[in-house]
Amino acid sequence: MKSLSGDLIAPRLAQLRREKPAMPVNRLLYECLRDAIHDASLPAATRLPPTRDLALQAGISRNTVMHAYEQLMAEGYTKGLTGSGTYVAQRIPDLAPVKPSPAVVALPGKAVAGRLSARGRKVVMNAKAQSTQWGAFLPGVPDVTQVPHAKLAQITARLSRELPPATLSYATNGGYPKLHQSLAVYLRQARSVVCEPGQIVVTEGVHQAIDLITRVLGDAGDHAWVEEPGYWGTRSILEINGIRLKPMPVDAEGMRFARNAAGKPPRFAFVTPSHQYPLGPVMSLARRLDLLAYATRHGTWVVEDDYDSEFRFSGHPVASLQGLLPGAPVIYVGTFSKTLYPGLRMAYMVVPAPFAAAFRTAQSELYRGGHMLQQAALAEFMDSGQYAAHIRRMRLIYSARRAYLMGLVEQSLGPGWVHEYDSNAGLHLVLSLPPGSDDVAIAADAAAQGVIARPLSNYYLGRNPRPGLMLAFASIPQEEMLAPWRIVARCILKACGKRAEPPVATPTRCA
Ligand SMILES: Cc1ncc(COP(=O)(O)O)c(C=O)c1O
């Protein structure tokens, strides 16, 4: 029998199935019902349609409906009354996942754009961040479901009973001193960074660190070398601060530059030497020494963005650039976004000792920091050895996922598609596409089918980008990778004019 709530759910489910074809239908139905309960389309005490009726109305199996109903009941969204069906609970769970807000990363219309400042227009009209920040194959996000949240919460709960009130006020002095100490130990041991706790400034992510560096050390009109291709986030922040970008090509040895280049030396050189983003080469020792010598001679600030160096799957860890030449004008930046989770918004930088006070003061003036309870908890988490243990565990997981995705790529497309600068590290792969491919169109085709595969050309500033696709594997378990990969492979093969259907066999190189 048709029901009103069935009328509401069936079209919503059909829409979701179009948007996310790779997701199991019982999961989509669960999401549909959960969201309808949250937005009160299905208010408290509403009776859900009988499973048989909803199955008929939505054109799915009764088992699928039963699975979704069981999940809702297990999470407290519904109550079953014997003999009379399933009802929406009077109180829905507070901690349940809520419907995301509408996309905020959207371009404003002409009327709004015309009233923004030139700087505002630059930041908004050039926005590159996705409005969705989870799912296959979104780059830059670790598997946040693996974070030992219970352990962190335990430490936080205990500390919150002991902390002196001052630690719950505004943060000054570049963050919580105990975290400076824990970070100094970690960075010396794990990253060969030469530092004392007093040189460390804790920031809300790498983005804040780069903004602070740019404002404290640069002026509008200054030049910065940036890697080509490179991280769009760094470029946006520099441009908003009036810094002029000079893209420097990346090759197998990292960023390339002419040692004796004519013209004014740049104020900054922004590099990702341990694992160039996005292509993946490690900066060679010769290039590192050249860069440090150049920077020392010309007073150029080298900013080392060490965003994911913890995840290298073969060979030795790559030591930091900062530790190579103590006293060189290098600012080292690292983050907890990849080792723990991006929503933590916690990163750190190591600045030369004479500049530490200036950075701490500027940070407090500009952003009025906070989160010292979280910082205290992180310090304890690091000191107890649990942080290093978590990284070791995740390294194994990511290594297996990476090998699995490499296997899928090779089985579907054949050898030679993974970018030649790949260095078996990090959280993503770059696929090279044949010259002349339209990677933006291929990415749009995949996105229309619910899969994110960012086009490599978006990471270039210049006119001759190489086409490719960024595929992150970190947040997708092997058993969930095949379906979204098949979508991407089909889009590639369609665009490259080869067979329309990629092979679907499970790869043998599955760890
Ligand atoms: C090269 C690079 N640096 C920095 C970041 C961002 O770090 P955070 O989350 O700490 O701002 C990213 C994010 O993907 C990145 O790719």
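Both counts, for ligands and for their atoms, begin at 1 and track the order of listing.
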Which heavy atom of the protein is the closest neighbour of [atom], given with residue, atom name and distance?
atom: atom 2 (C) of ligand 1; answer: Asp305 OD2, 3.4 Å
atom: atom 9 (O) of ligand 1; answer: Ser337 OG, 2.7 Å
atom: atom 6 (C) of ligand 1; answer: Tyr231 OH, 3.8 Å
atom: atom 10 (O) of ligand 1; answer: Thr335 OG1, 2.7 Å

Item to check | Carboxylate-amine/guanidinium contact Arg244 Asp222, below 4.0 Å | outcome: no
Next on the checklist: Do the side chains of Glu31 and Arg27 get close enough for a salt bridge, i.e. N-O under 4.0 angstrom?
Outcome noted: yes
So which bit of [X] gets within less than 4.0 Å of ligand 1, heavy atoms only: side chain, backbone, both or neither?
X: Pro342; answer: neither
X: Lys338; answer: side chain
X: Gln208; answer: neither

Item to check | Gln208 side chain to Thr203 side chain, donor-acceptor N/O pair below 3.5 angstrom | outcome: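 No donor-acceptor contact under 3.5 Å links the two side chains.
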Checklist entry - Under 3.5 Å, is there a donor-acceptor pair between the Gln322 and Arg191 side chains? => result no
Considering the heavy atoms of [X], write down every atom of ligand 1 situated less than 4.0 Å from one of them.
X: Arg345; result: 8 (P), 9 (O), 11 (O)
X: His207; result: 11 (O)
X: Val206; result: 4 (C), 7 (O), 8 (P), 10 (O), 11 (O)
X: Gly205; result: 10 (O), 11 (O)

Checklist entry - With respect to Asn424, which candidate in Arg402, His275, Arg312 satisfies the side chain to side chain contact (heavy atoms under 4.5 Å, CB included) definition? => result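 Result: among Arg402, His275, Arg312, Arg402 is the only option passing the side chain to side chain contact (heavy atoms under 4.5 Å, CB included) with Asn424.
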Checklist entry - Hey, which of Lys178, Arg158, Lys151 is the one that makes salt bridge (Lys or Arg N to Asp or Glu O under 4.0 Å) with Glu380? => result Arg158
Checklist entry - Under 6.0 Å between ring centres, would you say that holds for Tyr387 and Tyr186? => result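 When the ring centroids of Tyr387 and Tyr186 are compared, they turn out to be within the sub-6.0 Å range.
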Checklist entry - How close do Asp143 and Thr145 get, heavy atom to heavy atom, and via which atoms? => result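 In terms of heavy atoms, the two residues are closest at OD1-OG1, 2.5 Å.
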